[in-house]
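Remarks on the structure that follows.
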Number of protein chains: 2
Amino acid sequence: MADSAPRRRSRASAGLPPITADKIIDAAVELTGERGLDGWSIRQIATRLDVWPGVIAHHVGDREAVVMGVTDRVISRIPVPGDDVPWRDWFRSVMSEGRTVLREYPGVARRLCVVGPNVPSALPTIDAGIRVLMKAGFGEQAPEVYRFLFNSAFALVAVEDDRGSFPTARADMGRAMAAFAEDDSRPGLAAAGTVARGRGTDPRDIAAQETEFFHFTLERSLDGAEAMLTSR
Amino acid sequence: MADSAPRRRSRASAGLPPITADKIIDAAVELTGERGLDGWSIRQIATRLDVWPGVIAHHVGDREAVVMGVTDRVISRIPVPGDDVPWRDWFRSVMSEGRTVLREYPGVARRLCVVGPNVPSALPTIDAGIRVLMKAGFGEQAPEVYRFLFNSAFALVAVEDDRGSFPTARADMGRAMAAFAEDDSRPGLAAAGTVARGRGTDPRDIAAQETEFFHFTLERSLDGAEAMLTSR
DNA sequence: ACCTGAACACCGTTCAAGT
DNA sequence: ACCTGAACACCGTTCAAGT
């Protein structure tokens, strides 16, 4: 098995460089890209680095610490737009690009939503986003509005990630809804069924539908925030 | 240990009634209320029912099947408002009451967001919600708007649940933000810090802040949907 | 049909002992 | 300081054997 224990007698005696916390996180980020944040074990990281499982605890800490290291590294890859653009464009940009990065590392979006500003690499984005909202006239509500917009977008990415780990879920949902198209006794479900029926079901179609719904969510959330400005 | 194997020789020979799928889901729902959907094991359910672990697979299926059974039961406890109320009130009601139920069973909100209409007991709510939106004038966009509102509310509950299983996360976040209140070089974080500083940090305060943010999110999402009506 | 009892292939974490 | 190697207390799932 590829996930079994290493064979070598000693790293030092074999002339190998010592393992570092950084190299452990590197391997964990790689595995997260392949299988998602819940798709690997401490033992698999150890096998990939050709060391015994206890070594990970020694250099990084428990599984939680490794996960936080991965999260911080992935978040740092999300580009922060310049703060000279209109606020709606700023959020559209950071969230679309953020989604692209996060979807490459399934499970990280969820973590980001949960721990938020506890991830050091998220701080520059939070600072810039709140500044942009203050400049747009949200005043002291800027932090709350930031959190709302941020959560709307990335909690949805977290759901998309989760759905990806139920291989059948996406297709099942579409098929289940489409079956209601002729249900006259339940007009709400019938309407949803009619919409579902008109849509493709192969993976490319589903990916396009997900992207479209993400942007729909984004625009509705921005509209919801904007209503705070116009109703003053 | 309370989670160890049963001792009795045979249920039948001891005059005990046979285990049913329903009783297994009962026990799983109970454990979910105590520890959350990720807080119990198949073996713990077996111990609580005083049977061997293989019995769960025999009557219900694998862990996934048990989780879906729990999800369906919990969702069925969310009351569906009458469809004679204005659409905003309808959603306010179902989402506030839904949150109350879901927070009693941590982890179920996440499942609901992921599998959606695949949970049979969610269908009456979906039907009624889309009908309410059609009556309000959303036309063929009603299913998409329903999904948006639904996701906004319950994906946030899922994040609240997750945060609950990081005992330190909530307090850490507040403290981390408050520390930025004097950071003149980062005015965005400073603004968030000032807000955080003015807030209580004991569990009751934090729960109240979470409820407040939930309602903020709800109203902003409803505003975002309403903008589709007024801009026609 | 229902359940027992064990086996299998995994987990994360800990820690004494070696180098 | 760093790593080995093993042990511990768990998992979910499977399945032959009993009743």
Side-chain angles (χ1 to χ4, degrees), chain A residues 1-28 31-32 35-70 107 111 165-166, chain B residues 1-28 31-32 35-70 107 111 165-166:
Chain A
M1 266 296 154
D3 294 344
S4 60
R7 311 149 207 79
R8 216 175 270 95
R9 273 277 156 157
S10 155
R11 291 187 65 84
S13 69
L16 289 168
I19 296 290
T20 61
D22 250 35
K23 281 185 204 162
I24 291 167
I25 303 297
D26 283 343
L31 274 163
T32 302
R35 316 178 193 176
L37 206 51
D38 298 320
W40 49 257
S41 67
I42 291 290
R43 295 173 107 101
Q44 287 166 357
I45 297 174
T47 301
R48 195 163 280 205
L49 295 170
D50 205 26
V51 294
W52 291 82
V55 174
I56 277 86
H58 184 261
H59 287 282
V60 181
D62 61 9
R63 193 182 202 286
E64 176 58 22
V66 179
V67 165
M68 287 300 289
V70 170
R111 280 315 260 240
S165 59
F166 287 75
Chain B
M1 265 296 152
D3 294 345
S4 59
R7 311 150 207 75
R8 215 176 271 96
R9 272 277 156 157
S10 156
R11 291 187 66 82
S13 69
L16 289 168
I19 295 291
T20 60
D22 249 35
K23 282 185 204 162
I24 291 168
I25 303 298
D26 283 343
L31 276 163
T32 302
R35 317 179 193 175
L37 207 50
D38 298 320
W40 49 258
S41 67
I42 290 292
R43 295 175 107 101
Q44 286 166 358
I45 297 174
T47 301
R48 194 162 282 207
L49 295 170
D50 205 26
V51 294
W52 290 82
V55 173
I56 277 87
H58 184 260
H59 287 282
V60 181
D62 61 9
R63 194 182 202 285
E64 175 59 21
V66 180
V67 165
M68 286 301 287
V70 171
R111 280 314 260 239
S165 58
F166 288 73

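Remember, it's a predicted structure, so these values are computed and weren't measured experimentally. In what follows, every chain begins at residue 1, and chains take the letters A, B, ... in the order their sequences are listed.
- Taking only side-chain nitrogens and oxygens, B/Ser41 comes nearer than 4.0 Å to OP1 or OP2 of D/dG12.
- When heavy atoms are screened at a 4.0 angstrom cut-off, B/Ile56 is found touching no nucleic acid atom at all.
- The phosphate of D/dC10 (OP1 or OP2) has no side-chain N or O of B/Gln44 nearer than 4.0 angstrom.
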Restricting to nitrogen or oxygen on both sides, can you table the protein-nucleotides 13-19 of chain D pairs closer than 3.5 Å?
{"from": "D/dT13", "atom 1": "OP2", "to": "B/Arg63", "atom 2": "N", "distance (Å)": "3.0"}

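- Remark: P of D/dG12 and CG of B/Leu37 are 12 Å apart, rounded to the nearest angstrom.
- Nucleotide D/dC11 holds its P atom 11 Å from the CD1 atom of B/Ile45, rounded to whole Å.
- If you measure from atom CG of A/Leu16 to atom P of D/dA1, you get 21 Å, rounded to the nearest angstrom.
- Across A/Ile42, A/Ile56, A/Val70, a single residue satisfies side-chain contact (heavy atoms from CB on, under 4.5 Å) together with A/Ile24, and that is A/Ile56.
- The heavy-atom pair separating A/Leu37 from A/Arg111 by the smallest distance is CD2-CG, 3.6 Å.
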Using atom types as modelled, flag every donor-acceptor pair under 3.5 Å from a side chain in residues 16-23 of chain A to any protein atom, sequence neighbours excluded.
{"from": "A/Thr20", "atom 1": "OG1", "to": "A/Lys23", "atom 2": "N", "distance (Å)": "3.2"}
{"from": "A/Lys23", "atom 1": "NZ", "to": "A/Pro18", "atom 2": "O", "distance (Å)": "3.3"}

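- The line from CZ of B/Phe166 to CE of A/Met68 is 7.5 Å long, rounded to the nearest 0.5 Å.
- Note: CG (B/Leu49) to C1' (C/dT4) measures 15 Å, nearest angstrom.
- Phosphate contact (OP1/OP2 of D/dG5, side-chain N/O of A/Trp52, threshold under 4.0 Å): present.
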How would DNA chain C look in dot-bracket form, 5' to 3', counting Watson-Crick and G-U wobble pairs with both distances under 3.5 Å and writing | for bases paired to another strand? ||.|||||...|||||.||
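- Not one side-chain nitrogen or oxygen of B/His58 sits closer than 4.0 Å to the OP1 or OP2 atom of C/dT4.
- Distances were taken from every side-chain heavy atom of A/Val51 (C-beta onward) to each of D/dT4, C/dC2, C/dG12; the shortest belongs to D/dT4.
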